[in-house]
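As the structure lists them, so they are numbered: ligands from 1, and atoms in each ligand from 1. For the numbers below, each heavy atom of this structure counts, side chains included, while hydrogens, waters and symmetry mates do not.
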Amino acid sequence: MSSLYPNLLAPLDLGFTSLKNRVLMGSMHTGLEEEKGGHEKMAAYFAERARGEVGLIVTGGIAPNRAGWGAPFGAKLTSTREAKKHLPITEAVHKEGGKICLQILHTGRYAYHPFAVAPSAVKAPISPFKPWKLTSKGIENTIKDFVRCAVLAKQAGYDGVEVMGSEGYLINQFIVSKTNRRADKWGGSYENRIRLPLRIVEDIRRAVGEQFIIIYRLSMLDLVHDGSTWEEVVHLAKRIESAGATIINTGIGWHEARVPTIATMVPRGGFSWVTKKMMGEVGIPLITTNRINMPEVAEQILADGHADMVSMARPFLADPEFVKKAIQGRRDEINTCIACNQACLDHVFKRQRASCLVNPRACYETELNFIPTKNNKKVAVVGAGPAGLACATHAAERGHEVHLFDGRNEIGGQFRMAMQVPGKEEFVETIRYFKKRLDITGVQLHLGKMIEVEELLLGNYDEIVIATGVVPRIPKIEGIDHPKVLNYIEVLRDKKEVGQKVAIIGAGGIGFDMAAYLLHDHEGTPSVVPFMEEWGVDMNYQTGGGLKNADYSPPKREIYLLQRSTGKLGAKLGKTTGWIHRAILKKNRVNMIAQVKYEKIDDRGLHITIDDVPTILEVDHIIICAGQLALHPLADALNKANRTCHIIGGAKEARELDAKKAIKEASYLAAQF
Ligand code: NAP
Ligand code: SF4
């Protein structure tokens, strides 16, 4: 065992069984649950994580009945026939020496279909469907469905179940009075409102016997007004223990909460203080969660007594060998989850298969493989941004001789700029990961020199890959060469001084990032207390739900964020993170203006018209964030010389410049050489 992580890698004795370490792969819906052939793909996906030595796996949420579906035809476990489909999963995990629990998830009023049910007919702010109020008989039947689901999970070979009692789903809706307005024995007093989770756990325990893991995911901090008080949460935890749960897992925030809980701006391990408050209140192990993405973070949490075990979900999409690498002292080789949500949660909410921005193989284990080649080739990759790095390292790992060129003295490309943005500091980990991969795979790195077409032609390369990225688009506006004008690279990378009053031309992802950057103090990585203050989280837990007034410090700059098109600014930002970016700018009183016509730039500032009304924004600087243009003059020159090459990433399609797409494209190309 590595002495670096003694707490993390210590086994956990559950009495009738033992976990090999303190790492739970948390539940994460991937979309494979509903795909044709998805169970076989899930078997490969989970087996790879079990092989990577994770202590215990929890599947994505599976509904105990139709009403509990997240969306029509979502995964459910209601019959022996459905249970049989899970056998390949449990067999594959057990073959690798792993353990796996099935999560039972009833979405209640969060269901995205007209048959949604809830304790009361109260519509969720994040769903268009008003739920039907469950009758008393309906509640009894729902309990039976949970029990049936657990029994079927046992038949399917699972080591246990996780009862999803948090994130604002059905059970949580029963517990909290704002969503439970019933006057019968399932509503009213707290005792009545917690009857449902207690009955579910008790009845499951009775049905499955003692030697079966029951994890209860307890909402320890609702982050909605009139949520549970801390006293209520502790009371429920004790009762859940008595009802027969083996482990209590932590849930933070309902889905409708307006506090970021897992996005990249949340400090690492930022919510483990909540689980710590619960330590000592119950005798069964407690799991903590949210934004734990490296072994040292997890180790510190355990060493500080914040929990008995840690849960990580997205980090296992990013790297199936996370635990194995920690055990072997290969921390530097971990492909770190950067908490971007771009390929995982954003996909799930769009009903696409989840994957991972930094690891496009995640959930594609049977489709994308880097098989060692016998046909060794000499490969040139030009551009050491995300696309070039992914292509070069995967090609080299397969056995090709790879030369990677970049005109700059460092690798990383656009990621180097992204990591300057507050809340995006995690991108530095991706650069660290690739640096290590370049070493391990033996890529020959040529930095600080622009490669010329002649060199490429004379180099006897079998394959040439152009990953030269993009250049900022400079719009045609009178006065665009004025000294007040900067582009985003000059600000983020070259650290040009920026004044107090700023206009940003372009309100895409980079325009939003630029505004956030200009509002920030650039004083190190985010820390827990200021984050909680900023978002109004009451660490003293004086109110139900744990919310208080946010701390509004005066904005650092006066900023105008502009776009020509109509509609909401930031409409194309990530589904699960766009609201956070908009909220940050709103809090800082950024003027977000659509339908702007740019007239000219002069000493006075930026002249615009809005609705035919001319206005002058008397700003110190105008920063151009107006998208990008592809940069591939080498490809054009190669084509002229009748030499074929591959163009990937932003160099291929600047309009949709996107690290997720770039890394995926690069990885698939490298798998084919
Ligand atoms: P973008 O998202 O395409 O936005 C470009 C912006 O520039 C738009 O607001 C556009 O608005 C404006 N624009 C385009 N042509 C213009 C012109 N000729 N004159 C003036 N304005 C013009 O590009 P980006 O911001 O550079 O982002 C690049 C990619 O990275 C995107 O795919 C983005 O999603 C991704 N990204 C995402 C995030 C995030 O989700 N947080 C952060 C960074 C980057 P109008 O045409 O309406 O003026
Ligand atoms: Fe993490 Fe982003 Fe990958 Fe999701 S897509 S697992 S958030 S790195």
Shortest protein contact, atom 2 (Fe) of ligand 2 (heavy atom only): Cys340 SG, 2.4 Å
In ligand 1, the atoms that come under 4.0 Å of a heavy atom of Arg473 are 14 (C), 15 (N), 18 (N)
Run the numbers for me: atoms of ligand 1, each under 4.0 Å from some heavy atom of Tyr598, listed by number. 20 (C)
Answer yes or no: are there more than 12 heavy-atom neighbours, outside Lys476 itself, under 6.0 Å from its atom NZ? no
Would Glu478 and Lys600 pass as an ion pair if we require N to O under 4.0 Å? no
Proximity to ligand 2 by part of Cys337, non-hydrogen separation under 4.0 Å: both
Should the proximity of Asp513 to ligand 1, defined as any heavy atom under 4.0 Å, be assigned to the side chain, the backbone, both, or neither? side chain
Should the proximity of Gln342 to ligand 1, defined as any heavy atom under 4.0 Å, be assigned to the side chain, the backbone, both, or neither? neither
Proximal atoms of ligand 1 relative to Gly506 (non-hydrogen, under 4.0 Å): 6 (C), 7 (O), 9 (O), 12 (C)
Ligand 1 atoms in contact with Lys424 (distance to a heavy atom under 4.0 Å): 38 (C), 41 (N), 42 (C), 43 (C)
Give a yes or no on whether a salt bridge exists between Glu321 and Arg49, defined as a side-chain N under 4.0 angstrom from a carboxylate O. no
Check: Lys572 N/O within less than 3.5 Å of ligand 1 N/O: no
Arg217/Gln103 under side-chain contact (heavy atoms from CB on, under 4.5 Å): CA gap, chis, key distance, verdict: CA-CA 10 Å; Arg217 185 101 182 254; Gln103 189 190 68; 4.3 Å; yes
Hey, are Glu162 and Asn249 close enough side-chain-wise for a donor-acceptor pair under 3.5 Å? yes
Looking only at N/O atoms, are Ile505 and ligand 1 under 3.5 Å apart anywhere? no
From the options Glu33, His347, Glu34, Glu35, select the one residue that forms a side-chain hydrogen bond (donor to acceptor under 3.5 Å, both in side chains) with Arg353. Glu35
